[in-house]
Structures are given as C-alpha cells and as structure tokens.
Amino acid sequence: MSLAYCDWSSQEIAIAAALSGDELLWKAYESGDPYIAFAIQADLAPPEATKETHKDIRNRCKSVVLGTNYGMSAYGVAQAAKIHEIEAKSLLQKHRETYRKFWAWADNNKEMGLLGLKLQTDFGWSIQVEGGNVKANTFLNWPMQANGAEMMRIACVLAVERGIKLCAPIHDALLIETPSTQIDADVAKMKDSMSQASEEVLGKDKICRVDADIVKYPDRYMDEQGQEMWDKIMMLLTKGQGQLSRYPSNTDAFST
C-alpha cells in the first residue's frame with residue numbers, strides 16, 4: 001500500500017486574494033512564491049529577485065504576508081522575522097499600500113463582525129457575535145479558516161464519490177491510502193477533486209495549487225516535526241516490552 005499527503009499550497013493566501021478581489025495579491029499567489037512577489041511588488045527587491053538571491057528580504061516578507069491574515073502586530077512580525085519593530089511597522093505599511101483592495105475587504109469584515117453583523121461563506125457557514133468580549137482579529141482570520149473548511153468539505157465529498165480512500169484530513173491537507181499500483185492515478189484524482197473544490201469556493205478560474213508527497217511501502221509517513229516524539233514513543237514501547245517479557249506467559253501471572 002501507499003500513502004499520499006495532498007495539500008493546498010499557501011491556501012490562506014489564495015483565499016484572501018480571491019475573495020477580496022485583489023488581483024495584485026492573486027498575481028503574487030500565482031507566481032508560486034508570494035513572499036518574493038510581495039517584495040518585488042512593494043519595491044523592496046528588484047524584478048529579477050529570487051528566493052536564492054534575496055533570501056533575507058524574502059524571509060522578512062514571509063512573516064508579514066502570513067501574519068496579516070491573523071492581524072499580527074508589528075511586535076509579532078518583529079519577533080517572527082527577528083528584525084527591529086520599526087522595520088516591521090514599515091513592512092506592514094508596505095503591505096497595506098501594495099494590497100489596498102485586500103485590506104479594504106479585511107477591515108470591512110472586522111468592522112462588520114465587531115458590530116454584531118453576520119459574516120458567512122458562500123455555502124452558508126456563518127459567524128455572528130452579539131456583545132461579549134471578542135478579539136477583532138477573530139474576524140480578520142475567520143474568512144480564511146471558514147472558506148478553507150468549505151474547500152476541505154467539498155474535496156472530501158468529491159474524493160469519496162470517486163472511490164478514493166481517505167485516511168484523515170490534516171488542516172489544509174488530505175491523507176489518502178491506495179495500493180501502490182494505482183497511487184499515481186488516485187493522486188491525480190485527489191488533486192483534481194481538491195482543485196475543483198477550491199474553484200467552487202474561490203470562483204471561476206481561481207484554483208488553489210495542490211502538492212502531493214507520496215510514501216510507498218515499506219516506508220512510512222513521517223512529519224519532520226514529529227520525529228523526536230516518534231523516536232521517544234518507540235523507545236518507551238521497546239522498554240515496556242522488555243519489562244513484560246520477564247513475566248510468565250500463562251494467565252496465572254495476572255490472577256489475583
């Protein structure tokens with residue numbers, strides 16, 4: 001058997017660009033590297049800049065591009081990018097000046113939410129808070145998370161209808177299992193399902209890219225961030241099995 005980890009690439013940026021109608025932000029997404037694209041569009045890097053030639057400014061811009069969806073402050077950007085807060089403020093201002101249409105949409109969502117008005121996705125999932133202590137940033141990030149969930153739901157429905165075995169949803173990804181002989185065909189079907197789902201949510205010709213990592217037997221799926229925990233658990237299991245082996249195998253050993 002084989003596994004495939006299929007995930008939408010920079011999903012939240014795609015959602016923000018498409019639903020806000022900010023074509024400049026969508027061009028940045030379509031470029032394949034929205035961080036260096038922002039640097040170029042904001043005149044922070046030359047038109048020929050790449051990830052390799054302008055690594056430092058790209059890393060700074062990445063913190064800004066990702067942080068704006070959550071309403072990250074200049075202090076937060078400074079901490080994430082390891083830069084001075086003054087520079088972080090300047091970068092955030094550059095983002096506002098570059099993607100004006102996105103910010104008008106985002107600020108409007110925030111104001112509507114704080115006024116107790118309803119925000120909802122095209123498929124009817126809504127949020128409405130009347131009174132209470134609600135953080136303004138909740139309404140900045142909600143459209144990306146909610147519409148991302150809509151994409152996931154539609155993709156799951158399409159995948160099941162097409163006979164794909166789903167193991168689990170993982171934030172902005174789907175893990176599928178299939179015989180190794182048909183993994184390539186099922187990955188193609190899964191990618192098509194996810195692309196179709198994104199277009200249903202984002203609008204005609206607005207498709208979120210899908211990447212896939214394939215793991216074939218006898219290898220197993222492993223997230224780099226989980227390697228330390230996996231090794232620790234396996235060590236404890238091995239130790240536990242060694243302790244159990246000292247007991248007799250008959251049931252008398254466990255009787256009271």
Side-chain angles (χ1 to χ4, degrees), residues 6-38 40-42 61-62 64-71 95-115 117-128 137-162 164 166 169-174 176 187-212:
C6 305
D7 70 313
W8 280 290
S9 176
S10 302
Q11 184 192 46
E12 291 185 14
I13 299 172
I15 293 171
L19 297 188
S20 68
D22 195 316
E23 289 300 325
L24 197 60
L25 184 55
W26 183 258
K27 286 182 180 179
Y29 173 75
E30 277 194 315
S31 72
D33 190 336
Y35 317 122
I36 199 69
F38 165 50
I40 294 171
Q41 291 170 338
C61 288
K62 182 176 181 179
V64 173
V65 171
L66 294 177
T68 50
N69 285 343
Y70 300 90
H95 194 277
R96 279 189 168 272
E97 293 171 354
T98 303
Y99 304 123
R100 295 179 185 275
K101 201 165 184 178
F102 159 74
W103 276 106
W105 173 78
D107 288 339
N108 183 63
N109 288 332
K110 179 177 69 174
E111 290 165 7
M112 287 180 62
L114 291 174
L115 287 171
L117 301 176
K118 182 186 291 186
L119 298 176
Q120 68 178 34
T121 68
D122 285 343
F123 291 89
W125 189 9
S126 64
I127 183 174
Q128 185 173 21
N137 288 348
T138 297
F139 304 110
L140 280 176
N141 189 235
W142 185 85
M144 273 61 79
Q145 297 297 329
N147 284 287
E150 294 281 32
M151 288 167 61
M152 177 71 77
R153 179 175 60 84
I154 296 170
C156 286
V157 171
L158 292 173
V160 171
E161 288 179 347
R162 294 169 183 179
I164 299 173
L166 294 176
I170 308 174
H171 187 53
D172 62 349
L174 287 166
I176 68 172
V187 165
K189 287 195 291 185
M190 190 69 250
K191 281 187 171 184
D192 183 67
S193 299
M194 294 171 73
S195 295
Q196 185 178 337
S198 68
E199 191 172 22
E200 290 292 334
V201 173
L202 304 183
K204 183 175 174 56
D205 298 328
K206 292 290 191 293
I207 298 175
C208 190
R209 294 186 305 277
V210 181
D211 299 321

Next on the checklist: To the closest 0.5 Å, what do you measure between CG (Asp33) and OG (Ser10)?
Outcome noted: 8.5 Å
Checklist entry - Side chains of Phe38 and Tyr35: closer than 4.5 Å at any heavy-atom pair? => result no
Checklist entry - Once you round to the nearest 0.5 Å, how far does OG of Ser193 lie from CD1 of Ile154? => result 11.5 Å
Next on the checklist: So Cys208 and Tyr29, do their side chains get closer than 4.5 Å, heavy atoms only?
Outcome noted: yes
Checklist entry - Would you call Leu202 and Ile207 a side-chain contact if the rule is heavy atoms closer than 4.5 Å? => result no
Checklist entry - Is the Trp105 ring parallel, tilted or perpendicular to the Phe102 ring (thresholds 30°, 60°)? => result tilted
Next on the checklist: Could you go through Glu12 and Tyr70, starting from their C-alpha distance and side-chain angles, then the distance that decides it, and tell me whether this counts as side-chain contact (heavy atoms from CB on, under 4.5 Å)?
Outcome noted: CA-CA 10 Å; Glu12 291 185 14; Tyr70 300 90; 3.2 Å; yes
Next on the checklist: Determine whether Asn109 and Leu140 satisfy the following criterion, side-chain contact (heavy atoms from CB on, under 4.5 Å), listing intermediate values before the conclusion.
Outcome noted: CA-CA 7 Å; Asn109 288 332; Leu140 280 176; 6.0 Å; no
Checklist entry - Considering all heavy atoms of both residues, which atom of Ala42 and which atom of Thr98 are nearest to each other, and what is their separation? => result CB-OG1, 3.5 Å
Next on the checklist: Checking the side chain of Ser31 only, and the main-chain atoms of Ala28 only, is there a donor and an acceptor separated by less than 3.5 Å?
Outcome noted: yes
Next on the checklist: Return the CG to CG distance between Asp7 and Leu174, rounded to the nearest 0.5 Å.
Outcome noted: 9.5 Å
Checklist entry - Are the side chains of Leu166 and Met190 in touch, meaning some heavy atoms are under 4.5 Å apart? => result yes
Checklist entry - Is a side-chain N or O of Lys189 found less than 3.5 angstrom from the main chain of Arg162, in a donor-acceptor match? => result yes
Next on the checklist: Using side-chain hydrogen bond (donor to acceptor under 3.5 Å, both in side chains), reason through Thr121 and Glu150 one step at a time and then give a plain yes or no.
Outcome noted: CA-CA 8 Å; Thr121 68; Glu150 294 281 32; 2.5 Å; yes
Checklist entry - Tell me, do Gln145 and His171 make a side-chain contact under 4.5 Å, heavy atoms counted? => result yes
Next on the checklist: With side-chain contact (heavy atoms from CB on, under 4.5 Å) as the criterion, how do Lys204 and Glu199 come out once you've worked through the C-alpha distance, each side chain's angles and the decisive distance to 0.1 Å?
Outcome noted: CA-CA 6 Å; Lys204 183 175 174 56; Glu199 191 172 22; 4.3 Å; yes
Item to check | From CG (Leu19) to CG (Leu25), nearest 0.5 Å | outcome: 11.0 Å
Checklist entry - How many angstroms lie between atom NZ of Lys110 and atom CG of Leu115, to the nearest 0.5 angstrom? => result 11.5 Å
Item to check | Exercise: identify the closest heavy-atom pair between His95 and Trp103 | outcome: ND1-NE1, 2.9 Å
Next on the checklist: If you compare all heavy atoms of Gly32 against all heavy atoms of Arg209, which two are closest, and at what distance to 0.1 Å?
Outcome noted: CA-NH2, 3.8 Å
Next on the checklist: Test your reading of the model: is there a side-chain donor-acceptor pair from Gln41 to the backbone of Leu24, 3.5 Å cut-off?
Outcome noted: yes
Checklist entry - Just how far is it from atom CG of Leu158 to atom CE of Met194, taken to the nearest 0.5 Å? => result 11.0 Å
Next on the checklist: A quick test of your reading: do over 12 heavy atoms of other residues, nucleotides or ligands sit less than 6.0 Å from NZ of Lys62?
Outcome noted: no
Checklist entry - Has the side chain of Gln120 got a donor or acceptor atom that lies under 3.5 Å from a matching backbone atom of Trp125? => result no
Next on the checklist: Is there a side-chain contact between Asp107 and Arg96 in this structure, where contact means two heavy atoms from C-beta onward sitting under 4.5 Å apart?
Outcome noted: yes
Checklist entry - What pair of heavy atoms forms the shortest contact from Ile15 to Pro143, and how long is it? => result CG2-O, 4.0 Å
Checklist entry - Which heavy atom of Gly21 sits nearest a heavy atom of Lys101, and at what distance? => result O-CD, 3.2 Å
Checklist entry - Do the ring centers of Phe139 and Trp142 come within less than 6.0 Å of each other? => result no
Item to check | Nearest non-hydrogen partners of Val65 and Pro34, listed with the distance | outcome: CG2-O, 4.4 Å
Next on the checklist: Is there a side-chain contact (heavy atoms from CB on, under 4.5 Å) between Met151 and Ser198? Walk through the geometry before answering.
Outcome noted: CA-CA 6 Å; Met151 288 167 61; Ser198 68; 3.3 Å; yes
Checklist entry - Is Glu30 salt-bridged to Lys27, cutoff N-O under 4.0 Å? => result no
